[in-house]
Chemist: 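I have a structure I would like to understand better, so I am pasting it below and will then ask my questions one at a time.
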Amino acid sequence: MKVQLSILVLFFTIFFLSCQDSEVITSVANTTLYFPPINSVEWKKEQPENLGWNTTAIHELNTFLKDSNTRAFLILKNGKIVLEEYWGNTFLNTGNFTSNSKWYWASAGKTLSASLIGIAVKEGKVSVNDKTSDYLGKGWTSLTPQKEDLITVKNNLTMTTGLDYNVVNPNCYTPDCFQYNKDAGSQWYYHNGPYTILKEVIENTYKTTYNEFTEDKLQNRIGMNGEWVETGTNNLYWSTARDAARFGVLLSNKGKWDGNELLTSTYFNEMTNSSQAINPSYGYLTWLNGKSSIQYPGSEVSFTSSLSENAPKNMFAALGKNGQIIAVVPDENIVVIRLGEAPSNDLVPVTYHNELWKKINAIIN
């Protein structure tokens, strides 16, 4: 009898463990990230009802997007397209906006630049702790040599150069536009010039143009197409919404594309976590949600709130003027893309971004 009982217990133990293993395998299989093939327009889609999403709330989301001057909108789950919509005309009014239409990323391109620096770090060509003058030469600012040497590449990546932001042209990145305000690392301010000059760090290091580097080191590796376009002292990235989505999938997989590592895990973690204590809601040129405080663009004041109360706490995002959004929720493998005209007059429409997540939550939760 004892032998039979032991055999019975053993049987149910094996059965229980095999069921557990089966559930784990199924769970892993259901969350496997899909990578759209390179050099192809093919992109697998997933029906929202198959994910258990509330499809009745999609109409309200689309109305909100259309009424707020959106041109392109996508939601991806596990790399597959679940929602994809386009509205209005192209930027030059040459036809209806489609999946082939290109749009500017504005400051959402900052996160792309941070990724390009990350590629250079992985290749051992750049260190974020090096003095910026190691790559740009002495005199890239109007500071004394001692104060200039305090500025590292990390300071450029984190908006903590200490350079004076009360200048006529905040986008300018010539030495006369870079004046001393505070020691590097002692202030946070959303200042475009010290970010834009990072392209010269790449160009000087690799002896190539920023566009060529972007194409060779990133675009060709993930099937992305786009172009940096200089407008005065501004350098804006243009691409289709689907190209932006490819970048979002790369970020969703922590800087790896279908087994190909573009960013080291160390750099990616630094990029998508608080990079300094002054504004914990900012990583490397990337906005972070769920932090204790935030300092917004154009402000010197810190607020005891997070980036978006409606968005998942672990979300991070590339955000740009006029509501350009590439938002990533890594734990859920969700990517949200919004390109379009200004929904508000804010420098970076944080309120709009929060309202957008309220509409999204009505669908996915």
Side-chain angles (χ1 to χ4, degrees), residues 105-122 126 128 152-161 188-192 194-196 198-199 201-202 214 218 222 224 226 235-237 239 244-256 262-297 302 306-308 311-321 323-339 347-350 353-354 356-357:
W105 289 23
S107 285
K110 288 182 169 67
T111 303
L112 177 57
S113 287
S115 298
L116 296 176
I117 291 292
I119 291 172
V121 169
K122 183 179 183 299
V126 173
V128 298
T152 65
V153 174
K154 184 174 181 178
N155 293 130
N156 293 87
L157 286 167
T158 60
M159 299 290 180
T160 59
T161 59
W188 187 95
Y189 196 85
Y190 198 76
H191 189 180
N192 267 353
Y195 139 73
T196 305
L198 284 172
K199 78 181 186 69
V201 170
I202 293 294
T214 304
L218 189 146
I222 68 173
M224 181 178 169
N235 195 32
L236 298 179
Y237 189 76
S239 82
R246 283 180 179 269
F247 182 61
V249 172
L250 174 69
L251 297 180
S252 182
N253 200 39
K254 300 181 178 180
K256 300 176 179 63
L262 277 71
L263 306 176
T264 66
S265 57
T266 298
Y267 185 88
F268 182 83
N269 288 336
E270 291 173 355
M271 183 173 125
T272 55
N273 282 282
S274 301
S275 58
Q276 29 65 52
I278 307 171
N279 187 5
S281 295
Y282 207 69
Y284 287 176
L285 301 173
T286 302
W287 290 97
L288 316 174
N289 199 33
K291 305 304 178 183
S292 59
S293 63
I294 187 170
Q295 189 173 328
Y296 296 108
S302 182
S306 60
L307 175 65
S308 172
K313 286 187 177 180
N314 68 332
M315 180 212 71
F316 59 87
L319 301 177
K321 184 178 180 180
Q324 319 313 323
I325 297 170
I326 303 173
V328 178
V329 185
D331 287 355
E332 299 295 330
N333 280 340
I334 288 177
V335 174
V336 175
I337 307 295
R338 189 270 182 189
L339 301 178
L347 182 61
V348 175
V350 175
H353 178 237
N354 193 42
L356 174 60
W357 271 105

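Excluded from the calculations below are hydrogen atoms, water molecules and symmetry mates; all remaining heavy atoms, backbone and side chain alike, are included.
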Chemist: Would you say Ser239's side chain and Gly226's backbone share a donor-acceptor pair under 3.5 angstrom?
Modeler: no
Chemist: If we count only N and O atoms by modelled type, under 3.5 Å, do the side chains of Asn155 and Thr161 hold a donor and an acceptor together?
Modeler: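 Distance-only check fails for Asn155 and Thr161.
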Chemist: What's the spacing between Asn289 CG and Trp357 CH2 if we round to 0.5 Å?
Modeler: 9.0 Å
Chemist: Answer whether the closest heavy-atom distance between the side chains of Ile117 and Asn156 falls below 4.5 Å.
Modeler: no
Chemist: Ignoring hydrogens and geometry, is there a side-chain-to-backbone donor-acceptor pair from Arg246 to Ile222 under 3.5 Å?
Modeler: yes
Chemist: Hey, does the side chain of Ser275 reach the backbone of Met271 with a donor-acceptor pair shorter than 3.5 angstrom?
Modeler: no
Chemist: So which atom in Leu288 and which in Ser274 form the shortest heavy-atom distance, rounded to 0.1 Å?
Modeler: CD1-N, 3.3 Å
Chemist: Write down the atom of Gly248, the atom of Val335, and the distance for their closest heavy-atom approach.
Modeler: O-CG2, 3.5 Å
Chemist: So, taking the atom named OH in Tyr267 and the one named OG in Ser115, what distance separates them when rounded to the nearest 0.5 Å?
Modeler: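 Atom-to-atom, Tyr267:OH and Ser115:OG are 7.0 Å apart.
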Chemist: Is a side-chain donor or acceptor of Asn269 paired with a backbone partner of Ser265 at a separation under 3.5 angstrom?
Modeler: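 Side chain of Asn269 to backbone of Ser265, a donor-acceptor pair under 3.5 Å: yes, one is there.
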Chemist: Do you know the tightest heavy-atom contact between Ser293 and Ser281?
Modeler: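 For Ser293 versus Ser281, the nearest heavy atoms are O-OG, 2.6 Å.
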Chemist: Output the distance between atom CG (Leu198) and atom CG (Leu116), rounded to the nearest 0.5 Å.
Modeler: 10.0 Å
Chemist: Quick one: are Ile119 and Leu218 in side-chain contact, heavy atoms under 4.5 Å?
Modeler: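 In contact.
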Chemist: Out of curiosity, Ser306 OG to Asn354 CG, how far, rounded to the nearest 0.5 Å?
Modeler: 8.0 Å
Chemist: Look up atom OG1 in Thr160 and atom OH in Tyr189, then write down how far apart they are to the nearest 0.5 Å.
Modeler: 15.0 Å
Chemist: Tell me whether the rings of Trp188 and Tyr190 are parallel (<30°), tilted (30 to 60°) or perpendicular (>60°).
Modeler: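 Ring orientation, 0 to 90° scale: tilted.
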Chemist: If we count only N and O atoms by modelled type, under 3.5 Å, do the side chains of Lys291 and Asn279 hold a donor and an acceptor together?
Modeler: no
Chemist: Of all the heavy-atom pairs spanning Ala120 and Ile202, show the shortest one and how long it is.
Modeler: CB-CD1, 3.9 Å
Chemist: Relative to the ring of Trp105, is the ring of Phe247 parallel (under 30°), tilted (30 to 60°) or perpendicular (over 60°)?
Modeler: tilted
Chemist: Do Trp287 and Phe316 have ring centroids that are under 6.0 Å from one another?
Modeler: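 Ring centroids of Phe316 and Trp287 are no less than 6.0 Å from each other.
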Chemist: Look at the side chain of Gln276 and the backbone N and O of Tyr282, then say whether any donor-acceptor pair between them is shorter than 3.5 Å.
Modeler: yes
Chemist: With the side chain counted from C-beta on, respond yes when Leu285 and Met159 share a heavy-atom pair under 4.5 Å apart, and no when they do not.
Modeler: yes
Chemist: Walk me through whether Thr286 and Leu251 qualify under side chain to side chain contact (heavy atoms under 4.5 Å, CB included).
Modeler: CA-CA 11 Å; Thr286 302; Leu251 297 180; over 6 Å; no
Chemist: In Å and rounded to the nearest 0.5 Å, what is the CG to NZ distance from Asn235 to Lys110?
Modeler: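 Separation between the atoms: 10.5 Å.
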Chemist: Atom NZ of residue position Lys199 - does it have more than 12 heavy atoms of other residues, nucleotides or ligands inside 6.0 Å?
Modeler: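 Yes, enclosed.
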Chemist: So Thr111 and Ile326, side chain to side chain contact (heavy atoms under 4.5 Å, CB included) or not? Walk me through it.
Modeler: CA-CA 9 Å; Thr111 303; Ile326 303 173; over 6 Å; no
Chemist: Go through the structure and list residues passing side chain to side chain contact (heavy atoms under 4.5 Å, CB included) with Asp331, not counting sequence neighbours.
Modeler: Asn314
Chemist: Under the side-chain hydrogen bond (donor to acceptor under 3.5 Å, both in side chains) criterion, do Ser107 and Tyr195 qualify, and how do the steps go?
Modeler: CA-CA 10 Å; Ser107 285; Tyr195 139 73; over 6 Å; no
Chemist: Can you tell me which residue among Leu307, Ile334, Val328 is in a side-chain contact (heavy atoms from CB on, under 4.5 Å) with Met315?
Modeler: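 Between Met315 and the candidates, side-chain contact (heavy atoms from CB on, under 4.5 Å) is satisfied uniquely by Leu307.
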Chemist: Please enumerate all residues that pass salt bridge (charged side-chain N to carboxylate O under 4.0 Å, His left out) together with Lys254, with sequence neighbours excluded.
Modeler: none
